[in-house]
Asks: 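Have a look at this one.
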Amino acid sequence: MKKIIISAALLLGSTTFITTSTQSCMTLATSSVGLSIIKQVLLGGINSAAGIFSNKQAFLQNDLIIKALPSNLRSIYNMLDSVAPGLAAQGKNYIAEAAVYTVNTSTPILRNAVNSLNANDVTRIMQGQDGIATQILREKTEEQLVQAIMPQVDAKLNEFGIVRSINMALQGTNLLGTLLGNQSSSNLGSNGLSRLASEQMVNGMFNIIEQHEKQNRASMLGAFSGAANK
């Protein structure tokens with residue numbers, strides 16, 4: 001009987017310690033110290049993305065940006081590969097050049113969103129799975145980013161004349177109209193291509209930020225746990 005009582009006491013004591021440690025960790029996470037650590041991780045991801053977007057070759061070669069390619073834009077490239085391979089490569093190159101001009105617009109929006117994170121956001125981050133901080137950032141800024149950079153992308157693509165070139169290459173087909181949901185036209189509108197390119201840029205940026213978050217998730221949580229146990 002004594003052994004059972006002692007074991008129960010030890011178990012209760014361990015549970016209390018775990019609960020207290022968890023509460024301390026959560027309290028720290030929602031404090032100014034915890035919030036600062038989370039912001040540093042996200043801002044590091046934003047800086048990493050900005051560095052890649054500022055370099056045309058880095059943009060073209062980054063797997064996370066390639067992965068972000070919208071399915072409709074991928075289909076356009078595939079169509080061009082069959083009729084004008086050089087034009088497909090040219091289109092990707094021009095979009096990469098346009099991406100360079102969007103950095104000074106997109107990064108302030110993302111940084112402002114990070115700086116506006118509140119205790120509820122931090123609680124979600126601490127309790128959530130890998131990538132949750134980036135998901136919250138996406139929820140706050142995704143459509144705003146697309147709308148903010150699309151005019152810049154549109155201006156650059158029109159300057160390069162890529163939309164006109166694509167329409168000429170695919171002239172006489174109904175592929176573009178069907179693909180873009182505009183069956184009355186076989187022309188790729190400027191806004192259509194700019195929208196797709198902008199979506200690729202925004203999704204690519206979030207992919208890079210998420211990768212950075214995941215790479216630093218363990219050290220971020222470790223910092224909370226270490227400080228909570230002191």
Asks: Would you say I132 and E213 make side-chain contact, with heavy atoms under 4.5 Å?
Replies: yes
Asks: So do R74 and Q200 actually touch side chain to side chain, heavy atoms under 4.5 Å?
Replies: no
Asks: Any side-chain heavy atom of L69 within less than 4.5 Å of one from I66?
Replies: no
Asks: Mind listing the closest non-hydrogen atom pair of G204 and A68 along with its distance?
Replies: N-CB, 3.3 Å
Asks: Using the side chain to side chain contact (heavy atoms under 4.5 Å, CB included) rule, pick out the option among I209, V202, I208 that qualifies with M205.
Replies: I209
Asks: Taking all non-hydrogen atoms of both residues into account, name the closest pair between T134 and F206 and its distance.
Replies: CG2-O, 3.5 Å
Asks: Pairs under 3.5 angstrom only: tabulate donor-acceptor contacts from the side chains of residues 108-119 to other protein residues two or more places apart or in another chain.
Replies:
from : atom 1 : to   : atom 2 : distance (Å)
R111 : NH2    : N47  : OD1    : 2.8
N112 : ND2    : P108 : O      : 3.2
N115 : ND2    : R111 : O      : 3.2
S116 : OG     : N112 : O      : 3.4
S116 : OG     : A113 : O      : 2.9
N118 : OD1    : N120 : N      : 3.1
N118 : OD1    : D121 : N      : 2.9

Asks: Is atom OH of Y101 surrounded by more than 12 heavy atoms (other residues, nucleotides or ligands) closer than 6.0 Å?
Replies: no
Asks: Answer yes or no: is there a donor N or O on one side and an acceptor on the other, between the side chain of S48 and the main chain of G44, under 3.5 Å?
Replies: no
Asks: If you look at every heavy atom in A50 and V103, which pair is closest and at what distance?
Replies: CB-CG1, 3.9 Å
Asks: Looking only at non-hydrogen atoms, find the nearest pair between M201 and I95 and report the distance.
Replies: CE-O, 3.4 Å
Asks: Hey, are the side chains of I65 and L60 touching, using non-hydrogen atoms and a 4.5 Å cut-off?
Replies: no
Asks: Can any side-chain N or O of N216 pair as donor or acceptor with the backbone N or O of V41 at less than 3.5 Å?
Replies: no
Asks: Kindly assign one of parallel, tilted or perpendicular to the pair F59 and F53, based on the angle between their ring planes and the thresholds 30° and 60°.
Replies: perpendicular
Asks: Are any non-hydrogen side-chain atoms of F160 and E97 less than 4.5 angstrom apart?
Replies: yes
Asks: Passes side-chain contact (heavy atoms from CB on, under 4.5 Å), R217 versus I125? Steps please.
Replies: CA-CA 10 Å; R217 176 75 171 178; I125 292 169; 3.7 Å; yes
Asks: Does the side chain of Q135 reach to within under 4.5 Å of the side chain of E139, using non-hydrogen atoms?
Replies: yes
Asks: Stepwise, does the side-chain contact (heavy atoms from CB on, under 4.5 Å) test hold for N207 with D63?
Replies: CA-CA 10 Å; N207 285 348; D63 290 337; over 6 Å; no
Asks: Check the surroundings of atom CD in Q57: do more than 12 heavy atoms from other residues, nucleotides or ligands lie under 6.0 Å from it?
Replies: yes
Asks: Would K92 and Y77 count as a cation-pi pair here, with the cationic atom under 6.0 angstrom from the ring centre and within 45° of the axis?
Replies: yes
Asks: Do N93 and K56 have side-chain atoms, one donor and one acceptor, less than 3.5 Å apart?
Replies: yes
Asks: With a 4.5 Å cut-off on side-chain heavy atoms, are N203 and R138 touching?
Replies: yes
Asks: Heavy-atom distance under 4.5 Å between the side chains of Q152 and K156, does that happen here?
Replies: no
